[in-house]
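Only this structure's heavy atoms are used, side chains among them; waters, hydrogens and symmetry mates stay out. Whatever order the structure lists ligands and atoms in, that order sets their numbers, starting from 1. Values in this document were obtained by computation on a predicted structure and should not be read as measured data. For the single chain, residues carry numbers from 1 onward in sequence order.
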Amino acid sequence: MKKADTIWMNGKLIPWDEANVHVLTHTLHYGNGVFEGTRAYKTDKGLAIFRLRDHTKRLLNSAKITMIKSPYTLEELENAQIELLQKNSFESNVYIRPLIYLGYGIMGLYHVKAPVEVAIAAWEWGSYLGDDGLENGIRVKISSFARNSVKSTMGKAKAVANYLNSQMAKFEALESGYEEALLLDDEGFIAEGSGECFFIVRDGKIITPPNDNSLESITQATVIELAQKLGYTVEHRRITRDEVYIADEAFFTGTAAEVTPVREVDARIIGEGKRGPVTEHLQKEYFDVVYGRNKDFEHYLTYI
Ligand SMILES: Cc1[nH+]cc(COP(=O)(O)O)c(CN[C@@H](CCC(=O)O)C(=O)O)c1O
């Protein structure tokens with residue numbers, strides 16, 4: 001990972017190598033911290049953060065869900081992200097990682113007296129699932145792990161602790177020779193990927209699971225809005241694994257994953273075993289949106 005010069009920590013820009021925490025930082029031990037993943041793209045008019053407000057709102061919603069009181073307002077956090085990108089220099093697209101976490105000072109599960117800290121880092125990050133994956137699709141394994149259950153966790157919070165489930169699913173998939181995991185919910189319906197939301201295409205219709213068991217994905221929402229504007233029928237409904245196997249196309253969406261085609265699931269070739277025509281169309285349109293080439297969506301961009 002290429003270091004940037006500085007990281008924003010609790011209101012100050014400090015040198016990357018000095019952005020450290022104490023080993024008894026509460027979140028390190030108990031996993032109650034919330035974070036975001038936001039991309040900024042090199043558009044013709046310079047670097048632009050995509051859906052900054054939506055991501056920052058979700059960060060504060062995540063904090064509210066897990067009972068962390070942010071010391072900064074929505075505007076202060078937005079301005080901090082803008083300042084971080086202005087004060088660092090980046091050659092290519094940037095990934096921004098805000099984190100609100102519980103710092104050093106108390107141990108034990110009752111967290112309310114732990115100090116709340118905020119750090120925002122940014123680095124240059126290419127395609128999450130590989131350039132080849134973006135173009136030709138990836139191979140996916142249905143995970144042996146069910147997605148965190150709504151009976152025991154809260155998936156609308158982008159909370160640190162929720163990612164042990166994702167990490168183990170990702171590990172299992174890669175160790176089995178695949179490139180990503182697709183998780184079922186605890187009733188056996190498709191939930192989402194380890195770090196993405198999921199779509200299939202059947203008979204020209206675009207289908208994606210509701211967010212009962214997944215993060216409310218900003219990229220999923222953008223792709224749905226885009227697809228509807230392009231005249232596609234979009235269904236938000238439950239999907240079973242065997243419906244995935246017989247789908248004409250499938251793809252993941254996420255800030256990091258962008259629109260990544262899926263060409264195989266559990267050794268079943270999806271469609272023609274490559275990026276499908278609808279996926280390719282949506283992927284191209286999505287990149288036009290985030291690079292500021294689609295004026296109907298330019299309100300989502302915050303130019304730095
Ligand atoms: C579990 C999960 N589900 C769906 C999504 C898609 O949400 P959105 O980015 O708002 O469209 C993400 C983002 N996953 C982050 C993973 C990055 C990482 O590995 O770290 C991301 O895409 O930034 C998830 O982590």
In terms of heavy-atom contacts, does NZ of Lys229 have more than 12 from other residues, nucleotides or ligands at under 6.0 Å?
yes

Give me the residue, atom name and distance of the protein heavy atom closest to atom 20 (O) of ligand 1.
Arg97 NH2, 2.9 Å

Any N or O on Ala256 sitting closer than 3.5 Å to an N or O of ligand 1?
yes

Ion pair Arg39/Glu258, N-O distance below 4.0 Å:
yes

Compute the minimum heavy-atom distance from Tyr95 to ligand 1 and say whether it is under 4.0 Å.
yes

Salt bridge Glu75-Arg53, side-chain N to carboxylate O under 4.0 Å
yes

Using a strict 4.0 Å threshold on nitrogen-to-oxygen distance, state whether Lys141 and Glu180 make a salt bridge.
no

Ignoring hydrogens and angles, tell me if any N or O in the side chain of His29 forms a donor-acceptor pair with the backbone of Met107 under 3.5 Å.
no

Atoms of ligand 1 less than 4.0 Å from Gly37 heavy atoms?
23 (O)

Indicate yes or no: does an N/O atom of Glu216 lie under 3.5 Å from an N/O atom of ligand 1?
no

contact_flag Cys197 ligand 1 heavy-atom lt 4.0 Å
yes

Numbering as shown, the atoms of ligand 1 that approach Ile218 to under 4.0 Å (heavy-atom distance):
8 (P), 10 (O), 11 (O)

Number the atoms of ligand 1 from 1 as they appear, then name those within less than 4.0 Å of a heavy atom of Ser194, with their elements.
1 (C)

Any non-hydrogen atom of Arg58 lying under 4.0 Å from ligand 1?
yes

Give a yes/no on ligand 1: does Arg51 have at least one heavy atom closer than 4.0 angstrom to it?
no

Can we say Asp266 and Arg241 salt-bridge, meaning some charged N sits less than 4.0 Å from an Asp/Glu carboxylate O?
yes

Taking 4.0 Å as the limit for heavy-atom contacts, which would you say applies to Glu196 with ligand 1: side chain only, backbone only, both, or neither?
backbone

